[in-house]
Amino acid sequence: MKKSIAVWTWIPGAKEPTLCGDFTLDTVNRVGAFRYETAYLGSEGKVALDPINLPLRRSVMKTLLQGGIFGVMKDAGPDAWGRDVLFHEHGEIDDIEVLGLAPQDSCGAILFGDAERKLAEPIPELAEIDAAISAQDLGRVRRDYAEAIMPTTSLGGAKPKFTVMLDGAQWILKLPEKGDSAFIAHNEHVMLEMAIKCGMDACESRIHQLPDGRTAFLVKRFDRQNHSRIHYASAHTVLGLGDPRQDTLARKSYVRFADEFRRWCKDAAEINAQELWRRIVYNTLVGNADDHTRNHGLVYSAEYGAWRLSSMFDVVAAPKPTVFALAMAYHQQGAVVDLDRLAATAANFGVSHTDAVTQLQAIAAIVQDEWERRLGAVGVDSAEIDRLRTAFQVSAAALSHEFKDASGPRAGRRRYGR
């Protein structure tokens, strides 16, 4: 059976979406097909939804990955939490119905189905959410928001979050999940603040105390700007993942990601690759091993007419054993953290070994100087700080580590940019 849905997108700078094309899914054979609207192809300022898999051309384009859903469309659809809410409310629904029923606060600049109806649904002010919680009257907010604020047992396991308005901008409000540390919001806020201190482009964030005593986390959306929307593609999409038979750790690789986004980032690829390496370093030094392919992405820059790394997001320090691995491979042998390999692999991202050691130790020094003080300053108690101490063991070791000489027959080999 084939089912279709309209696809809308925002031309950079536009406040309203434009009908972009039509997506059809064969729900039996799991083949997805997309064709751009002729009018969109002729419009000024048009952007390809995906420059590799959905280039601006008149022909029908098809995919078998991710159950027949193109990667950028999967990115723009509801996350696990959003899908659980829809299934809870509507029962068994197919992927086209999921896209059509999903609210308008999707990631990036793609919207599905009845755009007018979706955009008529207002995004609540944070103060409205607080007022509903204070009055213990969740009937004041949309049902999916009420489910996030006070989730039912059927939604256990999903991460409750939604978009709110604050100071005239859109922010994602992430609520604590059952079983989370009481300081999970403080942790993520400090890790992003410290990343900025280390010179990285990370999202602006805040800690928010809810009226019921819980602590929530606010992160400013990087895919919204001046009432318009910015195109987004996850690293999962850029890497062409979506086939469980082939998606090995070798394919979920930082080096592959850097190689693949050369085609997306054009002249900015080199500087983006160097930034990506610093993010690998930072994740290692703060014990964030949840750096999977959906926690990295690219955004389209109208200024440069190309894609670039999105702001850094979703970074949480967690206790670690002496030996641990990142979620994505960063060297040929895999993802296990090793300071010498971390410095040696920098050449794959356009960073010399000498600069790598200098940058790595500079970031480690900031992390060691600031992590405990910053966590304490936002109210994290001493017991939680002690629990997190092993998350920062690699940054402590990096300050006194004697890095191996990178000279040798393979030292100058750069896979990135070859």
Side-chain angles (χ1 to χ4, degrees), residues 23 25-34 49-55 61-84 94-95 98-99 106-108 110 157-159 231-265 269 272-273 276-277 279-280 283-284 288-299 307 309-310 312-316 318 324-337 341-342 345 348-349 415-416 418:
F23 174 64
L25 180 65
D26 182 332
T27 58
V28 176
N29 297 313
R30 307 305 301 177
V31 178
F34 176 78
L49 302 183
D50 174 332
I52 309 305
N53 303 294
L54 293 170
M61 291 158 278
K62 297 184 178 183
T63 187
L64 293 169
L65 294 179
Q66 302 195 75
I69 310 291
F70 287 95
V72 288
M73 296 184 186
K74 194 82 167 181
D75 293 336
D79 61 7
W81 164 258
R83 292 176 71 90
D84 280 355
D94 61 38
D95 285 330
V98 166
L99 296 177
S106 57
C107 187
I110 298 176
K159 296 284 187 181
H231 289 264
Y232 174 79
S234 68
H236 199 86
T237 291
V238 175
L239 286 166
L241 301 176
D243 185 344
R245 298 166 300 177
Q246 299 182 19
D247 292 346
T248 61
L249 183 62
R251 284 178 54 79
K252 299 174 184 178
S253 158
Y254 279 110
V255 179
R256 276 197 69 234
F257 183 36
D259 279 345
E260 289 296 328
F261 71 50
R262 288 179 59 220
R263 298 187 289 170
W264 297 60
C265 298
N272 277 272
L276 180 62
W277 182 78
R279 294 183 186 188
I280 300 169
N283 282 326
T284 300
N288 175 47
D290 193 34
D291 57 323
H292 56 75
T293 55
R294 297 216 182 266
N295 279 344
H296 301 278
L298 304 180
V299 289
W307 296 69
L309 277 175
S310 71
M312 196 175 190
F313 62 96
D314 216 337
V315 182
V316 177
F324 68 95
L326 299 178
M328 291 173 64
Y330 68 93
H331 57 81
Q332 192 173 7
Q333 284 72 38
V336 174
V337 169
R341 282 180 176 162
L342 190 57
T345 197
N348 293 325
F349 303 89
R415 183 170 175 230
Y416 172 75
R418 68 184 187 281

Checklist entry - Between Phe261 and Leu298, does a side chain to side chain contact (heavy atoms under 4.5 Å, CB included) hold up when you go through it step by step? => result CA-CA 8 Å; Phe261 71 50; Leu298 304 180; 3.7 Å; yes
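- The two atoms that bring Gly242 and Asp247 nearest to each other are N-OD2, 2.7 Å, heavy atoms only.
- Counting all heavy atoms, side chain and backbone alike, Ala273 lies closest to Ala258 at CB-CB, 4.4 Å.
- Formation of a donor-acceptor pair under 3.5 Å by the Trp277 side chain with backbone atoms of Leu342 is found in this model.
- In this structure, Tyr330 contributes its side chain and Val336 its backbone to a donor-acceptor pair below 3.5 Å.
- For the pair Asp75 (side chain) and Ala233 (backbone), a donor-acceptor distance under 3.5 Å is absent.
- Of the inter-residue distances, the one linking Gln246 atom CD with Leu241 atom CG reads 10.0 Å to the nearest 0.5 angstrom.
- A donor-acceptor pair is defined here as one N or O able to donate and one able to accept, closer than 3.5 Å; such a pair exists between the side chain of Arg256 and the backbone of Arg251.
- Contact annotation: the side chain of Met73 approaches that of Leu54 to within less than 4.5 Å [non-hydrogen atoms, C-beta and beyond].
- The two residues Lys62 and Ala33 come nearest to each other via the heavy atoms CG-CB, 4.0 Å.
- Side-chain atoms of Arg341 never come within 3.5 Å of backbone atoms of Gln332 as a donor-acceptor pair (strictly under, hydrogens ignored).
- Counting only N and O atoms by type, the side chains of Asp94 and Thr27 include no donor and acceptor under 3.5 Å apart.
- With rounding to the nearest 0.5 Å, the separation of CG in Asn283 from CE in Met328 is 10.0 Å.
- In summary, Asp95 and Arg30 engage in a salt bridge, as defined by a charged side-chain N under 4.0 Å from a carboxylate O.
- For the pair Leu49 and Phe70, the minimum side-chain heavy-atom distance is 4.5 Å or more.
- Take Asp290 and apply the salt bridge (charged side-chain N to carboxylate O under 4.0 Å, His left out) test, not counting sequence neighbours, and it matches no residue.
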Next on the checklist: Pair Met61, Asn53 - check side chain to side chain contact (heavy atoms under 4.5 Å, CB included), show working.
Outcome noted: CA-CA 8 Å; Met61 291 158 278; Asn53 303 294; over 6 Å; no
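- Here CG of Asp314 is found 7.5 Å from CG of Asn288. Values are rounded to the nearest 0.5 Å.
- Nearest heavy atoms, Ala327 versus Asp291: N-OD1, 2.8 Å.
- Using a 4.5 Å heavy-atom cutoff, the side chains of Arg279 and Tyr254 are not in contact.
- Shortest non-hydrogen contact noted between Pro51 and Pro55 is O-CB, 3.8 Å.
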Checklist entry - Going through the distances and angles, do Thr63 and Val31 end up as a side chain to side chain contact (heavy atoms under 4.5 Å, CB included)? => result CA-CA 6 Å; Thr63 187; Val31 178; over 6 Å; no
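- When each of Thr237, Leu99, Asp79, Ile69 is paired with Lys74, the side chain to side chain contact (heavy atoms under 4.5 Å, CB included) condition holds for Ile69 and for no other.
- Note: His296 and Phe257 have tilted aromatic rings, judged against thresholds of 30 and 60 degrees for the angle between ring planes.
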